[in-house]
Amino acid sequence: MKQYILKRLLLIIPVLIGITVITFAIVHLTPGGFVRSNMEMNVKVSPDSMERLKVLYGLDRPLYEQYFKWLWRFVRFDFGESFIDNRPVLDKVLERLPATLLLNIVSLTVIFFLGIIIGVTSALKRNSFYDRFMTLFTFIGYSVPAFWLALILMMVFAVKWPILPVSGITSFNFDMMSAGEQALDVMWHLILPVFITAFGGLAYISRYVKSSMIESLTQQYTIAAYAKGLPENRIIYKNALKNSLLPVITLLGLSLPGLIGGSFIFETIFAWPGMGRLAYESAMTFDYPVIMGTVTMAAFLTLLGNLIADISYALVDPRIRYR
Amino acid sequence: MNKMIITGAAAAIFLILAALSAPLLTSYDYKAQDLNIRLAPPDAKHIFGTDELGRDVFSRMLYGARVSMTVGIIAVLISAVIGILFGAVAGFFGGFIDNIIMRFVDIMLTIPTLFLILMLIVFLGPSIVNVMIIIGLTSWTDIARLIRAEVMSVKKLAYVDAARLIGLKRRTIILKHIMPNILGPVFVYMTFGISGAILTESGLSFLGLGVQPPYPSWGNILTAGKDYIHTAWWMVFYPGLAIFLAVFSYNILGEGLRDYFNPRLKRENK
């Protein structure tokens, strides 16, 4: 087990370096750029002051030098300061992370909870009306564009019957509320975003659980359990279910990039103050340090999440451990 | 053939035909403004209403279908070429080359795809060509992993050994003996890829990062509609419905193909 973890940890290093190289390359090798896009069209900025700006931000140095300088600071968790407001990148990311994590943890919980229930029940009643209905329902959710559904729900719940908030994470009078009211207010704002995210994500999990459950139900050990005369409920919920839920841990690991990165399209519509919107805003203003910080941190956290998922999978499944 | 393939393929062909024959299906120019009838609700003359500049929404959607279909198909072709190439090479040669390619795939999988697309779009500039290329460049990892796994399993089969024994070239073995056997799963992935690309393009266009006005795309009609959700529901409802139906039909087609190419599943359903 120790060896397995060590091996996985060592494999992370090249991937991590690769992430920094790719991010850096995209940001620096593409035409346009911070100084050009923000200053060139502005007649008030002389070429001379543009040069001084480049020097100030270190953009005049050779690329490899910029990269290693950035990497060296990155290793020490110093992501530099934003070009736009001069605040540390780490602060900007950390203040956006909770909103994204909150939305996605709640959505993921809903998705996994409902997805497992739908998957198991559909597997048990295969080809029934219920099974077909659920397949269609989750499939519609999978195909519907989230931003369109968001707009439609806004039309219904904000324009026609204004009962649900459609923007942001808190009400405007949030600061004047008691702690309990604040929690309720945030939950209130979560309803529509969570509904839309969960509706979209349900198909993947429920289908996976369903086919994995069908597989367990046709395995030798299930047949053996039936032959032994064990009660059916026990076979289904103890033997088959347990085995078919194992791979779900991997799915959880795979859902992590979305969990941390968030969706900038979705977050923009709901004015949700998350990581996706931070990436969007910083990309639109060519704010290099913030983009690179956001992307590499999201990638780094994803890597960490995948590692945890793999290790916990190895912990529960002895077949992996001894390979 | 199953029902899902027929339904999905029929819907997809219908959409492509509608996009191709756009000038025949509408008498309005998608750019023609008529400020006298701004934001007019659907009626007999403008079946999906008009937008904020008095342009016919139905015509704009027909031309928008061209964008969606082109982006979907071209982006998937790009990603399939890259994915098949990397996957086949990694699976066939194994060892060091496989290791390098798969680490690269790991890296691509770790960076949130939307962030990657966002960075590339912003730095390269928003345009329909860039959208196609960028979606293609960022969505090949699934196909690559699939092909690699398939090639690795096919490689061990007796007939590939036989081909090697009679002295066939590696390239011939890959192209003539291995590839045809893994085409099924590739079609499945490509079909789902088209719907994914359509969805991404519409989302990007919605944010102003895709197709630029005055050229219509389903996404950017929605953008304009967003500002009028209080008054002009048709500008939001119809383009979004079109995106949904396009994505849905390609997904159904993909689902049908998946069943069709999966013999084990077929047996189970009987």
Side-chain angles (χ1 to χ4, degrees), chain A residues 11 14-19 21-23 26-27 29-33 126-127 135 139-140 142-149 151-152 154-155 158-159 203 211 214 218 254 257-258 260-266 268-269 275-276 279-280 283-284 286 291-292 294-296 298-300 302-303 306, chain B residues 4 99-100 103-125 192 195 198-200 202-204 206-209 218-219 222-223 225-226 229-231 233 235-237 239-252 255 264-265 268-269:
Chain A
L11 271 178
V15 174
L16 200 58
I17 293 174
I19 292 167
V21 171
I22 289 188
T23 314
I26 292 176
V27 170
L29 295 182
T30 42
R126 202 146 31 118
N127 291 332
T135 309
F139 211 64
I140 290 177
Y142 177 68
S143 308
V144 83
F147 56 95
W148 179 57
L149 190 60
L151 287 176
I152 296 284
M154 275 181 188
M155 282 205 291
V159 180
S211 61
I214 289 176
T218 49
L254 287 175
I260 297 148
S263 156
F264 64 93
I265 300 172
F266 190 78
T268 309
I269 292 193
M275 291 272 279
Y280 176 67
M284 295 309 268
F286 295 91
I291 310 169
M292 294 195 293
T294 320
V295 174
T296 39
F300 180 65
T302 307
L303 215 53
N306 281 337
Chain B
M4 281 195 284
N99 234 321
I100 293 285
R103 287 294 83 75
F104 186 54
V105 169
D106 281 351
I107 294 167
M108 294 288 290
L109 283 174
T110 317
I111 304 177
T113 313
L114 271 177
F115 279 10
L116 210 56
I117 293 179
L118 173 74
M119 284 198 297
L120 286 167
I121 280 281
V122 170
F123 290 123
L124 296 177
F192 283 117
S195 63
I198 293 176
L199 212 50
T200 309
S202 59
L204 290 173
F206 177 74
L207 285 183
L209 297 172
W218 293 339
L222 265 174
T223 317
K226 182 187 64 178
I229 55 173
H230 293 264
T231 45
W233 58 268
M235 278 177 69
V236 172
F237 182 73
L241 189 67
I243 302 170
F244 166 67
L245 288 177
V247 172
F248 190 65
S249 45
Y250 278 105
N251 278 344
I252 286 198
E255 197 75 1
R264 208 179 53 167
L265 218 84
E268 268 174 19
N269 280 339

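Just so we're on the same page: letters track the sequence lines, and every chain starts at 1.
Phe244(B) and Trp148(A) have parallel rings, their planes meeting at less than 30° on a 0 to 90° scale where 60° marks the start of perpendicular.
In terms of heavy-atom pairs under 4.5 angstrom with chain A, the leader among Leu199(B), Ile198(B), Ile229(B) is Ile229(B). Chain A forms more heavy-atom pairs under 4.5 Å with one residue of Leu245(B), Leu241(B), Leu209(B) than with any other, namely Leu241(B). Chain B forms more heavy-atom pairs under 4.5 Å with one residue of Ile140(A), Thr268(A), Ile152(A) than with any other, namely Ile140(A).
For Leu303(A), the parts lying near chain B are the backbone and the side chain together; criterion is any non-hydrogen pair under 4.5 Å. Contact annotation for Ile269(A): only side-chain heavy atoms (C-beta onward) come within less than 4.5 Å of a heavy atom of chain B. Phe266(A) does not touch chain B: none of its heavy atoms, backbone or side chain, sits under 4.5 Å away. Only the side chain of Phe206(B) comes within contact range of chain A, with at least one heavy atom under 4.5 Å from a heavy atom of that chain. Contact of Thr294(A) with chain B is made through backbone and side chain together, with heavy-atom distances under 4.5 Å. Interface residue Leu204(B): backbone and side-chain heavy atoms are both found under 4.5 Å from chain A.
A search for ring pair (Phe, Tyr, Trp, His ring centres under 6.0 Å) contacts involving Phe104(B) returns Trp140(B), not counting sequence neighbours. Among residues two or more places apart in sequence or in another chain, the side chain to side chain donor-acceptor pair (under 3.5 Å) test is passed with Ser195(B) by Asn251(B).
Of the inter-residue distances, the one linking Ile265(A) atom CD1 with Thr200(B) atom OG1 reads 7.0 Å to the nearest 0.5 angstrom. Leu11(A) contributes atom CG, which lies 8.0 Å from atom CG of Asp106(B) (distance to the nearest 0.5 angstrom). For the atom pair Met154(A) CE and His230(B) NE2, the distance stands at 10.0 Å (nearest 0.5 Å). Between atom CG of residue Leu151(A) and atom CZ of residue Phe237(B) there is a gap of 12.5 Å, rounded to the nearest 0.5 Å.
Nearest approach of Ile243(B) to Phe147(A), heavy atoms of both residues: CD1-CZ, 4.2 Å. Nearest approach of Ala298(A) to Pro112(B), heavy atoms of both residues: CB-CG, 3.9 Å. The two atoms that bring Ile111(B) and Ile22(A) nearest to each other are CD1-CG2, 4.2 Å, heavy atoms only. Here the shortest heavy-atom pairing between Leu207(B) and Tyr280(A) reads O-OH, 3.6 Å. Taking every heavy atom of both residues into account, Gly276(A) and Phe115(B) meet most closely at CA-CE1, 3.9 Å. Smallest separation of non-hydrogen atoms from Val122(B) and Ala283(A): CG1-O, 3.0 Å.
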After noting the C-alpha distance and the side-chain angles of Leu118(B) and Ile291(A), does the key distance pass the side-chain contact (heavy atoms from CB on, under 4.5 Å) rule? CA-CA 10 Å; Leu118(B) 173 74; Ile291(A) 310 169; over 6 Å; no
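The aromatic ring centroids of Phe123(B) and Phe286(A) lie less than 6.0 Å from each other.
Side chains of Ile252(B) and Phe139(A) form a contact here, defined as non-hydrogen atoms less than 4.5 Å apart.
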